[in-house]
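All values below come from the heavy atoms of this structure, side chains included, with hydrogens, waters and symmetry mates left out. Proteins get letters first, then strands, A, B, ... in listed order; numbering begins at 1 in each.
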Amino acid sequence: MSKKTPQAIRGTQDIFGADAEAFAFVVETFERVRRLYRFRRVEMPVFEKTEVFARSLGETTDVVSKEMYSFDDRGGESLTLRPEFTAGIARAFLTNGWQQYAPLKVATHGPLFRYERPQKGRYRQFHQIDAEVIGAAEPQADVELLAMADQLLKELGINDVTLHLNTLGDGASREAWRGALVEYFRAVAGELSEESQERLEKNPLRILDSKDPRDKPFLADAPKIDAFLSEEASAFFAAVTSGLDAAGVKWVRAESLVRGLDYYRHTAFEFIPDEGSASAAALGSQSTVLGGGRYDGLMESLGGAPTPAVGWAAGIERLAMLVGAREEERLEAMVLVEDDAGLGAAIALLADLRNGGVIAEIMATGSPKKRYDKAVKQQPQHILRVNATGYYGISGEGPTDRIVAALNKTSSPRT
RNA sequence: GCGAUCGUAGCUCAGUUGGUUAGAGCGCCGGUUUGUGGUACCGGAGGUCGGGGGUUCGAGCCCCCUCGGUCGCCCCA
């Protein structure tokens, strides 16, 4: 490449053509489904004060400790490009007094930023669709949210992923379980992988889904969350699962499923491609396509009143990979200018077609003798030929009704 | 942050044990032909072989550094 052309930033993408169509398809489908469930559209800032994320995600999480794009603005304030949606939405909920709309169902989508090593299905600027229910303590909110996720995936044509579901219990259950896990793993700490020894201090729950062979022998007998669940927490989880059954959402229990961010409580879930499926192959080493959970403790960490909430997010790029490349819309009418003297007439014709809702293009450049070939290569359904005297003929396949209708709308007929 | 692997025209790639002016297909531009649903043929433009340094009489091929892609670990969506 030329020395003078700056390169794109590592981990960013320039999405084009069939891939861009797949991306748009994911977003359009999400927009449609979200309306069915009456989730309200919100637009959020791309950056926030650093503390919005640092306080809600947890200082020791990888995202906060080494993956955020943080910088001081010209006023000396530390700002951060959003690494996720939930914290910003929670902040907006508090600062805008959205409590008045509770329970509030909102949906959004857009770019997120995380300083990670790029990989298949993982980028530094990536995009998510996101749905949150804020101010709803009842398990029905979890069920509705998961039903929406399930329907979205089906409408995208993704049928080989399954909902993996777990509960982390309420705050007390979670802490008790965590304590028991630390105690259990500390006894065998010397035999664990280096990573898990580190996780023992920072995030012991994560040891449970370690892939390291040195850790695996200890995982099966590790303390289970079920033993620590309070009566309320069990009842909550039971209500979620029976609700899912009633809604026809298939799920499997994943006892070792935990989430990386500190704010999660109760329900935690991920939609994961089935082993050996086409989707699993398409995603490479990234397994989660949609994930989320309940975050009843988050509002307090931002200084708000205790407010129950649930939400999920899904990577648009990952969904687009599962959807596969999509065709761009077919060209209906190509206006072929065979003689430049007819250019004015051709432009008028083109305007009529487009005003009439016909997907149309014009071919009027290059060697006159090759224009026809170039027009044909774009595979239009019809070619409208224009010479010095104006529009004089149409050729092509299939009905011309739409084109004729568009042309009839004009007050000054040309033929 | 760690590991592996790759980096030659716009795209997909070939380039023999290091050896003259670095090639092909597609695409692009032009011409001839054809003459109306992707004709055929001819020609042309386009590469300081990702960048920098080194070894050598000589480097696209070897060594070092660096940037980037890909894949895995980690993390996550």
Side-chain angles (χ1 to χ4, degrees), chain A residues 1-13 16-17 26 57 60-68 82-86 109-131 149 153 161 193-196 198-199 202-203 206-207 209-213 257-261 264 268-273 281 283-293 311-322 331 334 336 338 365-385 392-398:
Chain A
M1 296 301 142
S2 163
K3 264 182 199 168
K4 287 186 176 169
T5 305
Q7 328 178 58
I9 293 173
R10 180 165 216 196
T12 62
Q13 318 168 77
F16 173 79
V26 171
L57 308 199
T60 62
T61 59
D62 278 19
V63 170
V64 170
S65 63
K66 48 193 184 194
E67 294 176 1
M68 294 205 303
R82 47 141 86 145
E84 61 128 42
F85 274 117
T86 306
H109 66 83
L112 294 305
F113 305 85
R114 250 121 97 159
Y115 190 87
E116 296 181 275
R117 190 76 181 269
Q119 207 176 109
K120 190 187 190 84
R122 195 174 84 180
Y123 307 94
R124 307 246 260 216
Q125 177 180 334
F126 60 105
H127 302 79
Q128 286 184 348
I129 50 179
D130 180 276
L153 292 169
V161 302
S193 64
E194 296 78 24
E195 279 133 12
S196 286
E198 202 171 312
R199 285 190 277 233
K202 288 164 123 186
N203 195 349
R206 281 239 88 91
I207 299 176
D209 57 8
S210 169
K211 292 167 199 156
D212 196 296
L257 176 74
V258 296
R259 309 246 73 225
L261 310 178
Y264 287 109
F269 53 86
E270 294 178 358
F271 282 79
I272 298 175
L283 273 185
S285 66
Q286 316 303 325
S287 57
T288 304
V289 80
L290 183 155
W312 56 249
I316 297 177
E317 289 88 348
R318 290 185 186 176
L319 290 171
M321 284 191 287
L322 303 191
L331 177 60
M334 172 64 87
L336 175 62
E338 295 178 335
T365 57
S367 156
K369 290 187 174 179
K370 293 211 167 177
R371 288 181 190 180
Y372 182 78
D373 286 342
K374 287 162 71 177
V376 165
K377 278 189 180 172
Q378 293 199 32
Q379 300 184 21
Q381 284 171 14
H382 298 278
I383 292 178
L384 285 71
R385 285 191 289 272
Y392 75 91
I394 181 169
S395 64
E397 53 188 43

Criterion side chain to side chain contact (heavy atoms under 4.5 Å, CB included) on A:Thr86 and A:Leu57, from CA distance to verdict
CA-CA 9 Å; A:Thr86 306; A:Leu57 308 199; over 6 Å; no
What does the B/S/- profile of nucleotides 68-77 of chain B look like, 5' to 3', with a 4.0 Å heavy-atom cutoff to protein?
SS-SBBBBBB
Letter per nucleotide, 5' to 3', of nucleotides 33-40 of chain B [B base touched, S only sugar-phosphate touched, - untouched; heavy atoms, 4.0 Å]
---BBBS-
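How far CZ of A:Phe113 is from NE2 of A:His127: 7.0 Å, rounded to the nearest 0.5 Å. Distance check, rounded to the nearest 0.5 Å: CD of A:Glu67 to CZ of A:Arg114 gives 6.5 Å. To the nearest 0.5 Å, the span separating NZ on A:Lys211 from CD on A:Glu195 amounts to 10.5 Å.
Between the P atom of B:G3 and the CD atom of A:Glu194 lies a distance of 14 Å, rounded to the nearest Å.
Of the P atoms belonging to B:G38 and B:G43, the separation is 26 Å, rounded to the nearest Å. A gap of 45 Å separates the C1' atoms of B:C29 and B:G72, to the nearest Å. A gap of 24 Å separates the C1' atoms of B:C75 and B:C67, to the nearest Å. Rounded to the nearest Å, the gap between the C1' atom of B:U32 and that of B:U70 is 45 Å. Of the P atoms belonging to B:U33 and B:C42, the separation is 16 Å, rounded to the nearest Å. Distance noted for atom C1' between B:U12 and B:G47: 16 Å (whole Å). Comparing B:C63 with B:G31, their C1' atoms sit 50 Å apart, to the nearest whole Å. B:U16 and B:A59 have their P atoms separated by 16 Å, with the value rounded to a whole Å.
When atom types are taken as modelled, the side chain of A:Arg318 and the backbone of A:Ser287 share no donor-acceptor pair closer than 3.5 angstrom. Side-chain atoms of A:Arg122 come within 3.5 Å of backbone N or O of A:Arg117 as a donor-acceptor pair. Side chain of A:Arg385 to main chain of A:Gly393: no donor-acceptor pair is present (N/O by atom type, distance under 3.5 Å, no hydrogens or angles).
The pairing partner recorded for B:A4 is B:U70, the criterion being a Watson-Crick or G-U wobble arrangement whose two distances lie under 3.5 angstrom. Pairing for B:A24 is with B:U12, a Watson-Crick or G-U wobble pair whose two hydrogen-bonding atom distances lie under 3.5 Å. Searching all strands for a Watson-Crick or G-U wobble partner of B:A59 with both distances below 3.5 Å returns nothing. Nucleotide B:C76: unpaired (no Watson-Crick or G-U wobble partner with both distances less than 3.5 Å). Under the Watson-Crick or G-U wobble criterion, with both distances below 3.5 Å, B:C41 is paired with B:G31.
More than 12 heavy atoms of other residues, nucleotides or ligands shown are found within 6.0 angstrom of CD on A:Gln119.
Looking only at side-chain heavy atoms (C-beta outward), A:Arg124 and A:Tyr115 come within less than 4.5 Å of each other.
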